[in-house]
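Before any comments, here is the structure.
Below, chain A is the first sequence line, B the second, and so on; all start at residue 1.
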2 protein chains.
Amino acid sequence: MTEMPTLRRPRPAADEASPGAPLRRLSLYQVVAERLRHMVLEGELAAGSRISEKRLCEAFEVSRTPLREALKVLANEGLVELLPNRGAQVTAVDPAEVHDLFEVMAALEGLSGHLLVERASDAEIAEIRALHARMLELHRRQRRQEYFEANQRLHRRLTEIAGNRVLLEQQGQLTHKITRARYAANLQQGRWDESAQEHGVILAALEARDAAALSAAMVEHMRRTGAAVLDGLTASRR
Amino acid sequence: MTEMPTLRRPRPAADEASPGAPLRRLSLYQVVAERLRHMVLEGELAAGSRISEKRLCEAFEVSRTPLREALKVLANEGLVELLPNRGAQVTAVDPAEVHDLFEVMAALEGLSGHLLVERASDAEIAEIRALHARMLELHRRQRRQEYFEANQRLHRRLTEIAGNRVLLEQQGQLTHKITRARYAANLQQGRWDESAQEHGVILAALEARDAAALSAAMVEHMRRTGAAVLDGLTASRR
DNA sequence: GGCGGTCAAATTGAATTCAAAATACAGTAT
DNA sequence: ATACTGTATTTTGAATTCAATTTGACCGCC
């Protein structure tokens, strides 16, 4: 059988003119890493499953070089594991790790609460209030996926307002892992209702600019979420 | 001039027999990443300096592939920055970031304190006592470098005993960056003396198994260290 | 049928190659 | 002398190639 002489495809010239393109082209490995991250977080790549480089290269239409660079970055983040000479696999969600994760997140939320009271402007508090209102609406209409996304944005926005960039980055990393656990856990309706209420308490403390109360409410919220996720995890694997 | 026809040097066969070798061979990129990390932390690669891939490849005697993989991992850790099409450079130490760093570290130390009182065995407390005694001795004899290393080990050991693996990992990452800042700051004798005393307070609270006191002491220790480092940083760049 | 053993094919780790971009350099006009 | 332009050189991004290892098929044997 005659093989098509697959010709070398060099990186395309950086044409400034492409209309909707981002301001400056990302490296291929960054694009691949981001797509992989998504696939792992959403469970599109099952936990524990082997990753075939060839398959992913074909799926992403890149050579092995940027794919392998991306895998090494994700391995450093703990989302995949590299088995020497035997490729990569998606890291399994370990309940013990999830427990530890929420313990650390709670501590960071505590800090966030204190900083927020110090640093949030009235306008920013109004912004949070609006986000909260939108979430209540989504809760009322039972839009689970949208609520979840709004929730992520709210938490991220709170940390942004807290104004500590290291905190923002650390929480980002931990949130990645928590997202995975959350997908795996598949939380119950009861916890959802509770969670929406806790957000109300958090907002009230923020509006009152009561650092102790806000910090406590955020820590408690994270503790309860962690407990529910762990519960869901152990339930879902019998 | 006749160029020596540099021949391809394949990876060496994994001979099990090599005596002092580690149990399983590390990938080249891991070795390179670790060496690079060291060079950045110790200031061997100056902050802000451009990194030439060629030079480093020659220094490490590896090809560009594993070197570039390592650079991407370090970039993800924030130790280097990748400028598109213009190579890598060592991330500068930013005082604002250092401030944020210590704020987050203090929060994590607070958690660590609570966990330690819950989880440390008597034997582990004795171990910490011994480490502390050794540090006092090093302080008395003014062995600055050794004291610093013992200090790192003590803090790491405390977090290990706290028994939260996520906490251990996060602190590890932050400690990397703090180490850089500390080198750049070059702390004063006065702070060293203070620090040794604060360790005494920490040990006492741990021995008394007083969670609130231990947590507070660890937070305070981190806060003061942070203040001193920031002070040193701003002083050293006039 | 199940168990080792051998060899071919596939996969991985890392060096090399090739094209695009950035940089250095020379010559020219101002 | 300085700024500017076009060209050669170097460096970077990513595809490809090559060697070592793992995987898997096939086979004889019990």
Side-chain angles (χ1 to χ4, degrees), chain A residues 1 3-18 21-36 49-75 80-89, chain B residues 1 3-18 21-36 49-75 80-89:
Chain A
M1 182 172 73
E3 198 60 49
M4 177 147 99
T6 56
L7 40 99
R8 179 178 275 258
R9 185 133 16 158
R11 59 181 157 154
D15 61 313
E16 301 286 339
S18 72
L23 267 61
R24 55 169 226 281
R25 239 170 59 77
L26 292 171
S27 300
L28 274 189
Y29 95 92
Q30 289 174 306
V31 178
V32 171
E34 191 51 40
R35 288 184 65 178
L36 269 179
S49 67
R50 263 293 275 292
I51 294 174
S52 154
E53 290 184 5
K54 190 135 92 58
R55 225 168 51 73
L56 283 179
C57 284
E58 283 162 11
F60 294 156
E61 301 190 274
V62 299
S63 77
R64 285 174 58 218
T65 305
L67 176 71
R68 288 166 59 76
E69 290 168 348
L71 282 176
K72 268 137 199 174
V73 169
L74 290 228
V80 306
E81 290 169 310
L82 302 179
L83 318 176
N85 286 316
R86 310 193 29 242
Q89 67 180 42
Chain B
M1 182 172 80
E3 198 60 50
M4 177 146 100
T6 55
L7 39 99
R8 181 179 273 260
R9 186 133 17 159
R11 60 180 157 153
D15 62 313
E16 301 286 341
S18 71
L23 267 60
R24 58 168 223 284
R25 237 170 60 78
L26 291 171
S27 300
L28 273 191
Y29 95 93
Q30 289 173 307
V31 178
V32 170
E34 191 52 39
R35 289 184 65 178
L36 269 179
S49 66
R50 265 289 279 288
I51 294 174
S52 154
E53 291 184 4
K54 191 137 92 60
R55 225 169 52 73
L56 283 179
C57 285
E58 283 162 11
F60 293 157
E61 300 188 276
V62 299
S63 76
R64 285 175 59 219
T65 305
L67 176 71
R68 288 168 58 78
E69 289 167 348
L71 281 176
K72 269 137 200 174
V73 170
L74 262 64
V80 307
E81 290 168 311
L82 302 179
L83 319 176
N85 285 318
R86 310 193 31 241
Q89 68 180 40

(request) Rounded off to whole Å, could you give me the CD1-to-P distance for the A:I51 and C:dT11 pair? (result) 15 Å
(message) Rounding to an integer number of Å, can you tell me how far B:L56 CG sits from D:dT12 P?
(response) 10 Å
(request) Indicate whether OP1 or OP2 belonging to C:dA14 is found under 4.0 Å from a side-chain N or O atom of B:T65. (result) no
(message) OP1 or OP2 of D:dT12 versus the side-chain N and O atoms of B:R68: is any pair under 4.0 Å?
(response) no
(request) Could you check whether A:S27 gets within reach of a base, just the sugar-phosphate, or nothing at all, counting any heavy atom under 4.0 Å? (result) sugar-phosphate
(message) In whole Å, I'd like the distance from the CD atom of A:E69 to the P atom of D:dA15.
(response) 10 Å
(request) Give the rounded distance in Å between these two atoms: CG of B:L82 and P of D:dT11. (result) 18 Å
(message) Could you tell me how far apart B:Y29 (OH) and C:dA15 (P) are, to the nearest whole angstrom?
(response) 15 Å
(message) Please compare A:L28 and A:R50 by the position of their nearest nucleotide in DNA chain D and report the one closer to 5'.
(response) A:L28
(request) Check the distance between C:dA21's C1' and A:L26's CG and give it to me in whole angstrom. (result) 17 Å
(message) Contact between A:L36 and A:L56 at the side-chain level, heavy atoms closer than 4.5 Å - yes or no?
(response) yes
(message) Between A:R68 (side chain only) and B:E69 (backbone N and O only), is there a donor and an acceptor less than 3.5 Å apart?
(response) no
(request) Enter the distance from A:Q30:CD to B:K72:NZ here, rounded to the nearest 0.5 Å. (result) 8.5 Å
(message) Taking 4.0 Å as the cut-off, does a side-chain nitrogen or oxygen of A:R64 come that near to OP1 or OP2 on C:dT12?
(response) no
(message) Classify B:E53 by what it touches in the nucleic acid, base, sugar-phosphate, or nothing, heavy-atom distance under 4.0 Å.
(response) sugar-phosphate
(request) Output the distance between atom CG (B:L71) and atom CD (B:Q89), rounded to the nearest 0.5 Å. (result) 12.0 Å
(message) Tell me the interatomic distance from A:L67, atom CG, to C:dT11, atom P, rounded to whole angstroms.
(response) 14 Å
(request) Using whole Å, report how far CZ of B:F60 lies from C1' of C:dG13. (result) 19 Å
(message) Once rounded to the nearest 0.5 Å, what's the spacing between atom CG of B:L67 and atom CD1 of B:I51?
(response) 8.5 Å
(message) I want to verify a distance call: between D:dT22, C:dA15, C:dA22, whose nearest atom is closest to the B:R86 side chain?
(response) C:dA22
